[in-house]
Amino acid sequence: MIRKSEKEGFMIKEHEADLCVVGGGLAGMCAAISAARRGIKVVLMHDRPVLGGNASSEIRMWIRGANGEDVRETGLVEEIALENCYRNPNMNFSIWDSVLYEKVKQEENLELLLNCSCLDAQMEGKHICSVTGWQLTTQMFHRVHAGIFADCSGDSILAPLTGASWRMGRESREEFGEDIAPQIEDSCTMGLSCLMQARQTNRPVRFIAPKWAYHYTKEDFPYRLELDSPDKWREDNFWWMEIGGTQDTIHDTEELRDELLRIAYGVWDFIKNSGVVDAKHWDLEWMGFLPGKRESRRYVGAHILTQNDVRQQGRFEDLIGYGGWTMDDHDPRGFQTREKPNIFHAAPSPYGIPYRCLYSANIDNLMFAGRNISATHTANSSTRVMATCGVLGQAVGTAAALAVQKGVRPGQIYPKYISVLQQELIEDGCYLPWHRREFFPIMEEAEISCGGHSVPVLLDGMERRADGVDHAWEGQLGSELLLTLPEPRQAGSLRIVFDSDLNRVTWENQKWYVKRYSMKCNTCLDDSPINVPGTIVRVYEVWVDVGNGRWEKVWEENGNYQQQNRVPLNRMVKQLKFIPKASWGSKTARVYALELIE
């Protein structure tokens, strides 16, 4: 419905939804997509023209997550990464933007509002009734009425608009007993960065710095540019061009952007024109004018995650996601100090993050995901990385859908429905440390075999290599996996989990060029494409015997590139055959789950 505003003559478009997500970074995207796929109506309001937040073409930060083997994030985070490998092997940021855009737009239960900045919220006591955004491109207000709101905006825009409790700055060491926190609390945060990217060419390229750029010498880069290794800068995305942690990372953003541009152009001038490194064939391809933020407002939830929770592995009863990045605490002075720009404080990988960190302590229908979850500054220095944010976003969207379906508030999911939420997340591909998949009753007494030999590993509920144990079935292409039920049962679909090489890394020219995630920073002439992992089964068939001894081919897939597949069945099943025919490179097929869904 569209009507005129009572003031200023602008139009207002009214929207009705079950869930409104504010902020379309990776966390907000995963929240919106997961909720829409779970059957509720979603509106996603985002203030930029492209999705992805810090990962988008406007900022271009690498997606990072848990460190170490066997802990790569799956679910929607992996789905998006694999879509990008398939669609965008040369890692072009314009195509990347389209991959993210498509993931949102293809969901029929999801309405996307781009270029729409949230600026108001209507309240009834502790309940949010609606939020209003201004869309720059249409000169129109959009008012979204919803039962649940998820703030994934990074800066927590709904906090000042709703009265939700929040924190900003560093807690004292004494408040939570955190030994890496400062002795005295302060307002300092981690800072902002404007990144830049360079491209190698086959000819000399001239660079003339703007007059307002800073001028640097070799002595200005301790712990930053590794000048003793002349080519090392080529692998750098210049994250250390960071300032603002001693100021206000929200209200001072425009001023900080101006200063960051002076720094960035000055750094490139040094690289090109100082003679310290050989960059004569390199061109400045892109400069970011939108600062990427690490920290600002953090909500207060039913639980505040602390350094001690992280160090103790976070084995919470309501675990719905995990982290595994070190507690990577940046000096709030950033580039304005010649000391080390950051300190990596050890953290286990993985450690659990509880559901109680994802909903407000005092607003009954407000949830959040991303770098603004309920955590102290020290814990946030680990949880803020984008793969972790995406995992938490998927948990928020799934929980919101469950709350709508059960007719409860987000805070009432725990403890009554937390096990349901956990199993729904695992079903949708998420890894929850120390949890296993619990099958539907249709799988009771099911047996899986290959060539007459039992394959119990596909019934153990663990869908990856964990704790040094690989839970995959591996067999020759053309082998037949046979799933047998004790009697014919009605099956809705078949869920298959393939091996997407979760420990994959990308080597370029005998160096770490991209580690674990696909988008890159600087572009070399001899870069190789980043393709779909060779371990994924590309071609397979599914055959069904309804109980009469006759086999019927019900599905033939010729171009799969995802880790998880759902094959529609909607029929009685007594026996089912899965036949992998070809992969993206591997000579064998590897499968982690073969599960009938009711």
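Throughout, residue positions are numbered sequentially from 1 according to the sequence presented. No hydrogens, no waters, no symmetry mates; every other heavy atom, side chains included, goes into these values.
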For [Y], does its backbone N or O pair with a side-chain atom of [X] as donor and acceptor, under 3.5 Å?
X      : Y      : answer
Ser193 : Met241 : yes
Asn365 : Gly147 : yes
Asn503 : Asp70  : yes
Glu255 : Asp252 : no
Asn90  : Asn92  : no

A cation-pi test, strictly: NZ or CZ of Arg60 under 6.0 Å from the centre of the six-membered ring of Trp286 and no more than 45 degrees from its axis. Yes or no?
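Positive - Arg60 is close enough to the ring of Trp286 and near enough to its axis.
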
Mind checking the [atom1]-[atom2] spacing from [X] to [Y]? Nearest 0.5 Å is all I need.
X      : Y      : atom1 : atom2 : result
Cys194 : Leu261 : SG    : CG    : 5.0 Å
Leu82  : Gln563 : CG    : CD    : 7.0 Å
Thr378 : Arg311 : OG1   : CZ    : 9.0 Å
Asp499 : Ile536 : CG    : CD1   : 8.0 Å
Leu51  : Ser57  : CG    : OG    : 10.5 Å
Met287 : Met196 : CE    : CE    : 5.5 Å

Could you verify whether a donor N or O on one side chain and an acceptor N or O on the other, from [X] and [Y], lie under 3.5 Å apart?
X      : Y      : answer
Arg464 : Thr74  : yes
His303 : Asp318 : no
Gln422 : Tyr355 : no

Measure across [X] and [Y] and return the closest heavy-atom pair with its distance rounded to 0.1 Å.
X      : Y      : result
Asp151 : Ala159 : OD2-N, 4.2 Å
Ala55  : Ile63  : CB-CG1, 3.9 Å
Met327 : Ala346 : CE-O, 3.4 Å
Cys85  : Met91  : CA-CE, 4.4 Å
Ile413 : Val408 : CD1-CG2, 4.0 Å
Gly65  : Ala387 : CA-CB, 3.7 Å

With a 4.5 Å cut-off on side-chain heavy atoms, are [Y] and [X] touching?
X      : Y      : value
Val131 : Ile157 : no
Tyr101 : Leu112 : yes
Arg87  : Ser98  : yes
Asn380 : Met190 : yes
Glu295 : His330 : no
Met519 : Phe93  : yes
Glu83  : Tyr561 : yes
Gln197 : Leu195 : no

Check step by step if side-chain hydrogen bond (donor to acceptor under 3.5 Å, both in side chains) holds for Asp120 and Gln122.
CA-CA 7 Å; Asp120 193 18; Gln122 293 72 48; 3.0 Å; yes

Is it the case that the ring center of Tyr299 lies less than 6.0 angstrom away from the ring center of Phe368?
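Between Phe368 and Tyr299, the centre distance is under 6.0 Å.
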
Before we go on, tell me: are the rings of Phe141 and Trp134 under 6.0 Å apart, centre to centre?
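Centroid separation for Phe141 and Trp134: below 6.0 Å.
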
Apply the side-chain hydrogen bond (donor to acceptor under 3.5 Å, both in side chains) test between Glu178 and each candidate in Thr306, Thr376, Asn308; give the one that qualifies.
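Only one of Thr306, Thr376, Asn308 forms a side-chain hydrogen bond (donor to acceptor under 3.5 Å, both in side chains) with Glu178, namely Thr376.
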
Name the residue from Thr253, Thr189, Thr249 that meets the side-chain hydrogen bond (donor to acceptor under 3.5 Å, both in side chains) definition with Lys293.
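Result for side-chain hydrogen bond (donor to acceptor under 3.5 Å, both in side chains) with Lys293: Thr253.
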
Hey, mind stepping through Asn84 and Asn88 against side-chain hydrogen bond (donor to acceptor under 3.5 Å, both in side chains) and telling me if it holds?
CA-CA 5 Å; Asn84 196 45; Asn88 189 21; 3.1 Å; yes

Salt-bridge test for [X] and [Y]: reply yes if a basic N is under 4.0 Å from a carboxylate O, no otherwise.
X      : Y      : value
Lys126 : Asp364 : no
Glu427 : Arg566 : yes
Arg167 : Glu185 : no
Asp428 : Arg38  : yes
Lys41  : Glu16  : no
Arg37  : Glu79  : yes

Given Tyr322, which of Tyr431, Trp434, Phe316 fulfils the ring pair (Phe, Tyr, Trp, His ring centres under 6.0 Å) condition?
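Answer after filtering Tyr431, Trp434, Phe316: Tyr431.
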
Give me the one residue out of Arg294, Arg371, Arg298 that meets salt bridge (charged side-chain N to carboxylate O under 4.0 Å, His left out) with Asp155.
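When Arg294, Arg371, Arg298 are each tested with Asp155, the salt bridge (charged side-chain N to carboxylate O under 4.0 Å, His left out) holds only for Arg371.
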
I would like to know whether Ile530 and Lys520 meet side-chain contact (heavy atoms from CB on, under 4.5 Å); could you show each step before the answer?
CA-CA 10 Å; Ile530 299 173; Lys520 55 189 177 181; 5.6 Å; no

Listing, residues 389-403 side-chain donor-acceptor contacts under 3.5 Å, not counting sequence neighbours, or none:
residue : atom : partner : partner atom : Å
Gln394  : OE1  : Leu76   : N            : 2.9
Thr398  : OG1  : Gln394  : O            : 2.8

Take a 6.0 Å sphere around [atom1] of [X] and say whether it holds more than 12 heavy atoms from other residues, nucleotides or ligands.
X      : atom1 : result
Glu108 : CD    : no
Phe176 : CZ    : yes
Tyr86  : OH    : no

Any chance you could lay out the side-chain contact (heavy atoms from CB on, under 4.5 Å) test for Lys13 and Arg143, step after step, and finish with the verdict?
CA-CA 6 Å; Lys13 185 173 182 179; Arg143 182 176 295 147; over 6 Å; no

Could you check Glu78 against Gln564 for side-chain contact (heavy atoms from CB on, under 4.5 Å), going step by step and ending with a plain yes or no?
CA-CA 10 Å; Glu78 177 74 339; Gln564 180 165 267; over 6 Å; no

Going through the distances and angles, do Asn362 and Ser360 end up as a side-chain hydrogen bond (donor to acceptor under 3.5 Å, both in side chains)?
CA-CA 5 Å; Asn362 68 317; Ser360 173; 3.2 Å; yes

Run the numbers on Arg495 and Glu463 for side-chain contact (heavy atoms from CB on, under 4.5 Å), then give the verdict.
CA-CA 12 Å; Arg495 177 174 173 268; Glu463 299 176 354; 2.7 Å; yes

